[in-house]
Amino acid sequence: MELEALVTHSVGTSNTGSDMTDIMVVDLESFVHVELDMENNGISEVGNNLSALNEALFLNEEEEEEEDEDESGDDSGTDHFNSEKSGTRLQRSERPAGGNSNVPDTFQTSHLLFYERFRAYQDYMLGDCKPSEVQAFTADYLEKVVEPCDWQALWSTDVFDVLVEVRDVDFKDLKACVRLVLPLQCDTRGCDLTEEAMKVLLGDSGDKVPLQQLQVVYVLSGDFDQTALAVEHLRFFYDHIWRQWDEEDEDDFDYFVRCVEPRLRLYYDVLEDRVPAGLVAEYRSLLRSCSLCFQQFTVLRSGLSTDSDSELDNVSMVEGLQLYDQLETLRRKLHIFENPLLRYVLGYKGNVPQQCVQSRGPRPSGVKGVHVVTASCSSMQLQSLLSDRLLPLCCSEDTEIQFHRDPLSAVEVCHEGDVVVVLPGVYTVSRSIFLPDSITIEGFGLPDEVVIEKKNKGDSFVESTGANVSMSNIKFIQHDAIEGILCVRQGTVHMENCVLQCETTGVIVRNSARLTMNMCDLYGSKGAGVEIYPGSVCSLVGNGIHHCKDGILIKDFADELDVMPAIIMENNVIHNNEGYGVILVKANSGEQQGVPADPSEDEPAGPADSQPGGSAALLSSSSSAQSESTEARPDSESSGTDAASSSGRKWHFNRQLSRSKEPSCSRAVQDLMQHQIFVSIQGNQFRRNGMGDFGTFFY
């Protein structure tokens with residue numbers, strides 16, 4: 001009876017499924033002496049309940065394991081390929097309104113953000129592939145995400161857009177096997193296409209078209225979102241990233257890090273107006289030249305015979321070597337443009353055609369002009385202006401006075417020898433100010449009272465090509481710029497008692513130009529405060545240059561016999577710049593390896609010294625031969641050296657670091673006085689410049 005009660009209690013407890021301990025006391029081995037016919041019903045019921053409970057427990061464990069696997073797989077990248085389809089997440093690219101388009105709309109995928117393309121190429125498409133593996137990695141990526149068949153797309157070329165249906169995809173050759181959707185649906189540009197003509201065109205290509213020429217037709221279900229994105233990534237890659245000569249590179253570097261990322265960043269920098277128009281034009285010109293040179297080199301190489309010793313083949317071999325050297329030079333220049341750091345440091349040298357204004361010369365009548373700029377003024381201001389400036393300027397009868405509401409309108413009508421007097425106020429201009437003639441612009445008051453502010457985007461604020469231009473007592477404020485606040489392209493500019501609040505780079509002194517800047521305050525530049533090019537003449541006296549990336553940047557280039565600049569630096573205060581106070585950018589030539597180091601200048605390298613060294617190594621990586629020579633140079637050779645050039649044409653200036661926290665660095669200044677680039681350097685103060693007072697940047 002006790003056993004029967006125990007079994008009954010166990011069965012009742014198992015029905016509730018709430019206590020495992022009560023169920024587990026039922027052990028068949030402990031009840032072998034019980035007659036089966038007496039307990040058959042109870043035991044069978046217990047067994048059934050145990051089986052049901054075990055199934056429920058195992059099912060819960062399997063569900064928990066599946067959830068854990070799903071959670072752990074979120075970071076593996078598989079969600080990019082297997083996202084749930086709950087309607088499309090992409091926008092529709094509609095045809096122009098009012099047109100006679102006969103084709104359906106497609107997915108809008110051309111406006112992807114930088115980080116979206118960056119993540120797709122790095123995480124899914126290219127990874128850490130080498131140049132020779134790019135097509136294989138790309139094919140593998142497309143095979144995972146592109147629907148193999150039964151989707152419609154527009155076959156788009158420069159001449160037509162035709163609706164086709166994809167029947168198969170050849171991922172290895174990056175082509176799709178298609179057929180026309182009938183009746184024919186197409187848009188043409190400058191030609192007429194018939195159904196028969198399109199069939200012949202497809203037949204000649206074996207019914208295959210390049211995948212990057214397809215635009216996936218818009219579908220609301222979301223079934224083809226990944227296909228549309230993958231085709232867009234492929235098209236963008238071969239249009240803007242891939243270069244024909246990339247596969248010629250050796251497989252000793254990560255293709256994404258070396259080529260894809262910098263080219264992608266350059267594309268978006270240009271798209272968002274963060275690169276000067278002149279630099280963009282020069283980069284595109286270099287790209288075209290490099291493509292043409294590579295095609296010529298490829299044709300010449302394919303025509304050479306390895307077993308032939310004919311004179312014609314020998315001549316072709318010499319021509320091929322010349323083309324190869326030319327190609328390597330062009331590729332190196334492209335690499336400089338594509339690298340953000342090198343692009344900032346080196347800039348572009350050519351005087352790319354700007355929005356230049358022709359010089360007007362003297363007035364035909366010989367009359368001198370005085371232009372007064374003011375929106376409104378009081379009688380006291382007018383009386384003061386008349387007595388202090390207008391009467392001295394108009395002492396002769398051959399003087400004409402004009403009034404303007406803004407400085408830009410005054411400058412645009414100036415002739416040679418005119419004077420522009422700007423009364424106190426804040427003046428906003430929307431375009432660049434071009435100074436093609438020798439004129440004088442002066443503020444009638446303190447610089448903080450006479451403010452000229454530029455807000456709209458543009459390559460520069462003020463560009464001067466006049467023979468003798470003077471500016472004084474004015475504050476210039478720059479916004480949304482992509483180039484310097486003042487660019488002296490040619491001629492001479494005298495600037496005194498001005499304030500320059502920069503946005504990108506500060507003052508640029510081009511080849512053969514001259515700048516005299518006295519008692520000015522320059523700050524806020526994201527590049528260098530003053531950029532000095534070879535062959536220029538620059539006099540800086542009594543200025544403050546601070547809170548810029550670098551204070552003064554002096555440029556040299558490897559492929560030119562540049563004339564030394566003439567620089568005067570006296571009584572300037574250069575402080576609180578992120579990089580160096582004064583930095584020279586220079587090509588890393590073998591000529592510098594033989595320059596002995598001065599043992600007296602050796603100092604232990606501190607933490608700040610390691611940063612310039614790393615930058616120099618990065619810069620010199622643009623050429624493999626130069627990179628090896630840079631790495632072979634010991635650190636001691638980068639301290640103070642003799643900078644006199646044996647040729648007298650090229651100039652050298654090796655890195656000198658001052659870790660002194662004193663207001664000035666007399667030892668470094670004393671060493672710099674030996675260099676011919678400085679006509680005079682004295683009385684300058686350097687404070688709290690992040691990487692040191694003086695340095696050299698090798699590339």
Side-chain angles (χ1 to χ4, degrees), residues 66-97 99 101 103-127 137-156 161-169 171 174-176 178 181 185 187 209-242 256 260-261 263-265 267-268 271-272:
E66 291 176 356
E67 291 176 358
D68 292 339
E69 290 177 358
D70 292 340
E71 292 176 359
S72 64
D74 288 342
D75 297 332
S76 66
T78 55
D79 58 326
H80 180 76
F81 305 135
N82 298 320
S83 58
E84 295 182 0
K85 299 180 179 65
S86 57
T88 181
R89 299 180 181 179
L90 301 179
Q91 296 180 352
R92 179 195 299 264
S93 177
E94 298 181 353
R95 293 282 158 175
S101 177
V103 297
D105 296 333
T106 57
F107 286 101
Q108 175 61 270
T109 56
S110 60
H111 298 320
L112 297 178
L113 301 177
F114 167 81
Y115 79 91
E116 294 175 310
R117 297 192 191 274
F118 182 93
R119 182 169 179 259
Y121 292 134
Q122 184 183 48
D123 295 347
Y124 303 116
M125 182 169 168
L126 299 174
F137 272 61
T138 302
D140 182 65
Y141 162 74
L142 295 174
E143 191 171 3
K144 293 178 181 177
V145 296
V146 173
E147 294 292 335
C149 59
D150 298 332
W151 47 280
Q152 292 186 346
L154 292 184
W155 179 19
S156 297
D161 295 330
V162 177
L163 182 63
V164 296
E165 181 181 355
V166 176
R167 299 186 298 171
D168 191 16
V169 178
F171 295 105
L174 305 181
K175 291 185 176 182
V178 301
V181 174
Q185 301 179 46
D187 286 345
V209 299
L211 269 176
Q212 57 263 38
Q213 292 185 1
L214 297 181
Q215 298 183 24
V216 182
V217 171
Y218 186 79
V219 179
L220 284 173
S221 65
D223 293 339
F224 301 108
D225 283 13
Q226 295 300 330
T227 298
L229 286 172
V231 173
E232 169 61 25
H233 291 319
L234 178 70
R235 176 169 48 248
F236 184 90
F237 176 76
Y238 281 102
D239 286 347
H240 303 288
I241 305 297
W242 177 255
F256 177 85
V260 177
E261 182 178 359
R263 292 171 186 172
L264 186 62
R265 290 188 184 278
Y267 174 85
Y268 278 91
L271 186 66
E272 297 168 8

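Computed over heavy atoms, backbone and side chain alike; hydrogens, waters and symmetry mates excluded. Each residue takes its place number in the sequence, starting with 1.
A heavy-atom distance below 4.5 Å is found between the side chains of Phe118 and Phe256. Within the 4.5 Å cutoff, the side chain of Leu154 has no heavy atoms near those of the Val164 side chain. With contacts defined as side-chain heavy-atom distances shorter than 4.5 Å, the pair Trp151/Val217 does not qualify. At least one side-chain heavy atom of Leu174 sits under 4.5 Å from a side-chain heavy atom of Tyr238. Looking only at side-chain heavy atoms (C-beta outward), Gln152 and Val181 come within less than 4.5 Å of each other. Counting heavy atoms from C-beta on, the side chains of Val169 and Leu142 never come closer than 4.5 Å. The closest side-chain heavy-atom distance from Thr138 to Met125 is below 4.5 Å.
For the residue pair Gln226 and Val145, the shortest heavy atom distance occurs at CB-O, 4.0 Å. Contact between Leu90 and Asp225 at its shortest, heavy atoms only, is CD1-O, 3.9 Å. For the pair Val166 and Pro148, the tightest heavy-atom approach, listed with the atom from each and the gap, is CG1-O, 4.4 Å.
Within the 3.5 Å criterion, the main-chain N or O of Glu147 finds a donor-acceptor partner in the side chain of Thr227. Judged purely by atom type and a 3.5 angstrom limit, Arg235 uses its side chain to pair as donor or acceptor with the backbone of Leu214.
The CZ atom of Arg117 sits 9.0 Å away from atom CD1 of Ile241, with the distance rounded to the nearest 0.5 Å. Note that CD of Gln185 and CG of Asp161 are 12.0 Å apart. Values are rounded to the nearest 0.5 Å. One distance of note links CG of Leu234 with CG of Leu229; it measures 12.5 Å at 0.5 Å rounding. Atom NE2 of His240 sits about 4.5 Å away from atom OH of Tyr267, to the nearest 0.5 Å. Distance check: Tyr141 OH to Lys144 NZ gives 10.5 Å after rounding to the nearest 0.5 Å. One finds the CD atom of Glu165 at 8.5 Å from the SG atom of Cys149 (value rounded to the nearest 0.5 Å).
Around atom CD of Gln91, no more than 12 heavy atoms belonging to other residues, nucleotides or ligands sit under 6.0 Å away.
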Check the pair Tyr218, Phe224 against ring-ring contact (aromatic ring centres under 6.0 Å, His included), reporting the backbone distance first and the verdict last. CA-CA 8 Å; Tyr218 186 79; Phe224 301 108; over 10 Å; no
Does the pair Leu264 and Phe236 meet the rule for a side-chain contact (heavy atoms from CB on, under 4.5 Å), with working shown?
CA-CA 10 Å; Leu264 186 62; Phe236 184 90; 3.5 Å; yes
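Ring geometry for Phe237 versus Trp242: interplanar angle of 30 to 60°, hence tilted. Using cut-offs of 30° and 60° for the angle between ring planes, the His233 and Tyr121 rings count as perpendicular.
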Side chains of residues 103-110: which donor-acceptor pairs under 3.5 Å do they make with residues two or more places apart or in other chains?
from: Asp105; atom 1: OD1; to: Arg95; atom 2: N; distance (Å): 3.4
from: Asp105; atom 1: OD2; to: Arg92; atom 2: NH1; distance (Å): 3.3
from: Gln108; atom 1: OE1; to: Ser110; atom 2: N; distance (Å): 3.4
from: Gln108; atom 1: OE1; to: Ser110; atom 2: OG; distance (Å): 2.8
from: Thr109; atom 1: OG1; to: Glu232; atom 2: OE1; distance (Å): 3.2

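Note: Tyr115 and Tyr268 fail the aromatic proximity criterion, with ring centroids not under 6.0 Å apart.
Applying the side-chain hydrogen bond (donor to acceptor under 3.5 Å, both in side chains) criterion to Trp155, with sequence neighbours excluded, gives Gln213.
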